[in-house]
Amino acid sequence: MKRILFLILLFLYCGLSYAQTTDNGILVMDEFMVPSKRQHIEIPGFDGFQALKCDFHMHTVFSDGNVWPAVRVGEAWVEGLDVIAIADHMEYVPHSDDVKVDFNRSYELVKSLAADRNIILVKAAEITRQTPPGHFNALFIQDASALLPGKAVPENDKEAVAKAVAQKAFIFWNHPGWKAESIKGSYDWIDFVDQLDKEKNLHGIEVFNGDNFYRKALDWAVDHNLTVMANTDVHGLTAMTYQLGDNSHRTMTLVFAKERSEAGVREALEAGRTVAWCGKYLAGKEAIMKNLFQACVNPGKPYQKKGTTRYFEISNQSDLYFELTRKVDNRTETILLYPRSSQLLTAKDGENSREYEVANAFVRGNQNLKVQFTLGD
Ligand SMILES: [Zn+2]
Ligand SMILES: [Zn+2]
């Protein structure tokens, strides 16, 4: 009996060890394969709003991009995004000899795939006029083919935007300083944009596009109360554009929404509750930036007291980076708060609060965020 049991166990063991190395004659060698996982980006919310990570400007083969729409959804899943919008050019379709021109197709192809991956897909298009006036993204459209495809001539610039207005789109001005250095370009608050703004048909502006910070655009966002946007405008693979990994991320708009839904995204964009994020840099309106900072950074309580000096461990629970600076006598003191980490800070008795400038966070084109926090007992 014992002998039979031993043989059964031996047989099972051999079967198991065989299954580990080969599977019906196929050996899996996945050591160098990319693990299937979705990155978590830690950005706390505030005042009951949650932070959604969004990219509202990217291209596919249905305009001048080099990837199929499903790749955009796959990238967004891996990189931990909540919301994406494929905004293919209306007036520029260089792949038309190979890909049938259909401005709704990139959305239709991946609508259910995005839902399966828990990604909110916003229907969009890029109104691609000569510069000036430049390019405008229209979000939450119903029918891209009812916009104005074809030749971008000054005579129908207004009509092109009006078609998006007719669909109650959320419209933002893309890369406002693009081609600024060329004779044809401009980097000004032009009449065309001024009129759109006065008619309440301009809702947002790209402050960050790819790795460019349009400083003037942040001033215009503040002065004209436009929503601050940051997007990749990616045409190839994001992995060939950004050094992706757990401590890295693509350029994106942080949207502070009441709920994680398309309606929630729209409400937050219309209310202007956004922060632009590129590399270690942040840009946005002062009140929102202050709220975000407070939600991320906490000096805590002193853990030690030596003489009149109190010791704090100031912590940053987010994936954001904060470079805090202040003038002490004649020198600049800097505290680098790396993502999800802490730093030491000391304060004398009686010093109950601290003010810093955040050198990597902008509230105007040339003005940094100022923050203050309490140093309790
Ligand atoms: Zn393009
Ligand atoms: Zn563009």
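Heavy-atom basis, side chains included; hydrogens, waters and symmetry copies ignored. One-based numbering, in listed order, for ligands and for the atoms of each.
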Would you say the side-chain atoms of [X] and [Y] include a donor-acceptor pair closer than 3.5 Å?
| X | Y | result |
| --- | --- | --- |
| Q317 | N298 | no |
| H235 | N66 | no |
| E206 | N231 | yes |

Open item on the list: When you measure from the Zn ion (ligand 2) to the N, O or S atoms of H57, does any of those distances fall below 2.8 Å?
Closed with: no
- [ ] Flag the pair E262 and R266 as a salt bridge only when some basic side-chain nitrogen lies within less than 4.0 angstrom of an acidic carboxylate oxygen.
- [x] no
Open item on the list: So that I can tick it off, tell me whether D55 and R72 are bridged by a salt bridge, with the cut-off set at under 4.0 angstrom between side-chain N and carboxylate O.
Closed with: no
TODO: Sort and list the pairs that fulfil ring pair (Phe, Tyr, Trp, His ring centres under 6.0 Å) and have at least one residue in residues 246-273, not counting sequence neighbours.
DONE: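 Qualifying pairs: F46-F256, H249-W277.
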Open item on the list: For the Zn ion (ligand 2), give me the closest N/O/S atom belonging to H135, just the atom name.
Closed with: ND1
Open item on the list: Just to be sure I understand the site: which N, O or S atoms from the protein are less than 2.8 Å away from the Zn ion (ligand 1)?
Closed with: D64 OD1, D64 OD2, H89 NE2, H235 NE2
Open item on the list: Under the criterion side-chain hydrogen bond (donor to acceptor under 3.5 Å, both in side chains), I'd like the reasoning laid out for T60 against D88: C-alpha separation, chi angles, the key distance, then a yes or no.
Closed with: CA-CA 7 Å; T60 72; D88 277 316; 2.8 Å; yes
